[in-house]
Student: 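Take a look at the following structure, please.
To find a chain, count down the sequence lines: A is the first, B the second, and so on, and within it residues start at 1.
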Number of protein chains: 2
Amino acid sequence: MTDGARHIPEATVSRLPVYLRSLAELLDEKVTTVSSERLAEMAGVNAAKVRKDLSYLGSYGTRGVGYEVEYLAFQMSRELGLTHDWPVAIVGAGNLGQALANYGGFTERGFPVACLIDADVDKVGSRIHGVQVHHPDDLPHLVEELGISIGIIATPAVAAQGVADQLVAAGIKSILNFAPTVITVPEGAFLRKVDLALELQVLSFYQEHRAPDPV
Amino acid sequence: MTDGARHIPEATVSRLPVYLRSLAELLDEKVTTVSSERLAEMAGVNAAKVRKDLSYLGSYGTRGVGYEVEYLAFQMSRELGLTHDWPVAIVGAGNLGQALANYGGFTERGFPVACLIDADVDKVGSRIHGVQVHHPDDLPHLVEELGISIGIIATPAVAAQGVADQLVAAGIKSILNFAPTVITVPEGAFLRKVDLALELQVLSFYQEHRAPDPV
DNA sequence: GGTTGTGAACAAATTCACAGCG
DNA sequence: CGCTGTGAATTTGTTCACAACC
């Protein structure tokens with residue numbers, strides 16, 4: 001198949017970062033070539049899925065050989081839009097927001113925490129783990145100034161929808177919601193959620209009902 | 001259909017906690033009855049999906065009327081195994097582990113943080129946000145003593161697989177992994193993951209490729 | 001009339017299996 | 001020969017649409 005914008009299934013998109021992390025490990029180990037079999041093992045999926053997924057990016061493998069690690073990593077980064085940093089704003093400077101601001105994993109993967117946002121006047125103006133805390137009203141200005149394009153909601157549930165509206169109004173089109181509530185964003189904005197308690201509730205279900213995968 | 005153990009699809013299982021949270025809100029508002037339409041709106045899905053999902057639990061609705069909120073909430077809690085608390089152990093008393101230990105949402109939803117586990121001898125024996133820090137070697141004893149059945153991994157990536165092995169060896173069959181790496185558990189154990197940076201990478205993808213949902 | 005519960009139709013995702021090519 | 005890339009088959013999940021029932 002030729003180059004250009006194929007449509008990549010959502011399930012595939014959410015596995016690409018896992019492959020990319022595996023490729024980064026291989027690069028560290030100076031491994032130059034990898035098979036779908038090996039990559040599958042590292043990513044915790046099966047080889048057929050790896051090949052299908054990678055085929056959506058293009059024909060970057062060599063039959064009989066495998067994939068060139070560095071080249072594939074580059075193509076994948078490009079496809080994921082990770083060739084440059086995406087500064088993020090974390091809204092909610094409470095327990096979770098502070099921890100996320102201090103979590104090295106974001107910066108490390110190209111998402112530097114550019115600022116914290118909180119409505120509490122006692123916090124505004126202070127620094128938490130080196131990150132400046134601003135008032136929500138400053139959002140439009142901060143988006144402009146710091147080039148923020150992603151907002152992370154780490155407020156209590158009741159505040160989440162209002163915050164989402166403010167983020168969108170400030171021109172932020174991508175939102176990651178940690179608040180334990182359903183929020184909606186207008187057409188054209190993107191929303192992902194991380195629901196911490198939900199994951200435990202799902203584990204609880206499977207603990208009660210032995211064997212989700214009975215073999 | 002009669003009562004008893006139908007097989008509930010995985011996609012449905014991961015939506016049940018969202019419905020349950022919506023039902024809890026309705027209970028707070030003293031609403032006694034709810035339609036699939038209304039529940040769908042609250043849960044951010046469509047009504048057909050709500051009805052299909054709820055039908056796996058049994059025929060708990062009344063045609064022409066809707067679902068009795070309290071009764072449905074009870075049945076759903078029972079199905080999810082949430083009629084009693086599940087004490088959890090958080091492994092890794094670093095930045096993220098501490099934040100999770102202090103995150104009220106776990107206890108609130110029936111998952112009290114019974115202890116923190118860390119290999120750092122300076123931390124062992126101390127209390128963080130009122131939670132006692134123990135050494136990994138104490139795990140078997142803690143499982144026995146505190147009735148822990150779920151382990152949360154909040155360590156750096158390199159330590160995660162080893163911790164998972166220790167948790168399983170101590171008799172813990174449910175694991176929630178926050179470390180940014182793929183880990184495996186033996187047959188019969190359950191594993192869920194929360195990958196914080198992955199979610200941002202997915203957002204980055206859709207920011208680059210306008211419109212994931214083109215209408 | 002109103003709303004559930006569910007077969008049937010449809011869509012998405014996964015896996016199989018093998019042709020194609022280095 | 002070995003491994004990719006991909007159509008076809010299968011499985012899983014979603015949506016439709018309406019009979020059943022209050």
Student: So does A/Asp195 pair up with B/Arg21, basic N to acidic O under 4.0 Å?
Tutor: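 Yes, A/Asp195 and B/Arg21 are salt-bridged.
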
Student: At less than 4.0 Å, is any side-chain N or O atom of A/Arg51 found next to OP1 or OP2 of D/dG2? Yes or no.
Tutor: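 Indeed not, no polar side-chain atom of A/Arg51 lies that close.
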
Student: Could you check which of C/dA13, C/dG5, D/dG5 has an atom nearest any side-chain atom of B/Ser59?
Tutor: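 Minimum distance to the B/Ser59 side chain belongs to C/dG5.
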
Student: Given that A/Lys52 and B/Ala48 both sit by DNA chain C, which one's nearest nucleotide is further toward the 5' end?
Tutor: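 The residue closer to the strand's 5' end, by nearest nucleotide, is B/Ala48.
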
Student: For the residue pair B/Phe190 and A/Tyr206, does the interplanar ring angle fall in the parallel (under 30°), tilted (30 to 60°) or perpendicular (over 60°) class?
Tutor: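 The arrangement is tilted - the two ring planes meet at 30° to 60°.
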
Student: Checking only heavy atoms, does the side chain of B/Arg63 share a donor-acceptor pair with the base of C/dT3 at less than 3.5 Å?
Tutor: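 Side chain to base: no pair present.
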
Student: Looking at every non-hydrogen atom in both residues, tell me the closest pair between B/Gly61 and B/Tyr67 and how far apart they are.
Tutor: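 Minimum heavy-atom contact is CA-CD2, 3.4 Å.
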
Student: Do the side-chain N or O atoms of B/Tyr56 get closer than 4.0 angstrom to the phosphate oxygens (OP1, OP2) of D/dG13?
Tutor: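 So the side-chain polar atoms of B/Tyr56 never come under 4.0 Å of the phosphate oxygens OP1 or OP2 of D/dG13.
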
Student: Closer to the 5' end of DNA chain D via nearest nucleotide, is it A/Gly64 or A/Asp53?
Tutor: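 Result of the comparison: A/Gly64.
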
Student: Touch check for B/Arg38, heavy atoms < 4.0 angstrom, all strands: base, sugar-phosphate only, or nothing?
Tutor: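 It contacts nothing in the nucleic acid.
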
Student: Taking it one step at a time, do B/Glu70 and B/Leu27 satisfy side chain to side chain contact (heavy atoms under 4.5 Å, CB included)?
Tutor: CA-CA 7 Å; B/Glu70 193 168 357; B/Leu27 273 179; 4.0 Å; yes

Student: Take A/Val65 and A/Arg15, find for each the nucleotide of DNA chain C with the closest heavy atom, and name the residue whose nucleotide sits nearer the 5' end.
Tutor: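 Nearest-nucleotide comparison on DNA chain C picks A/Arg15.
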
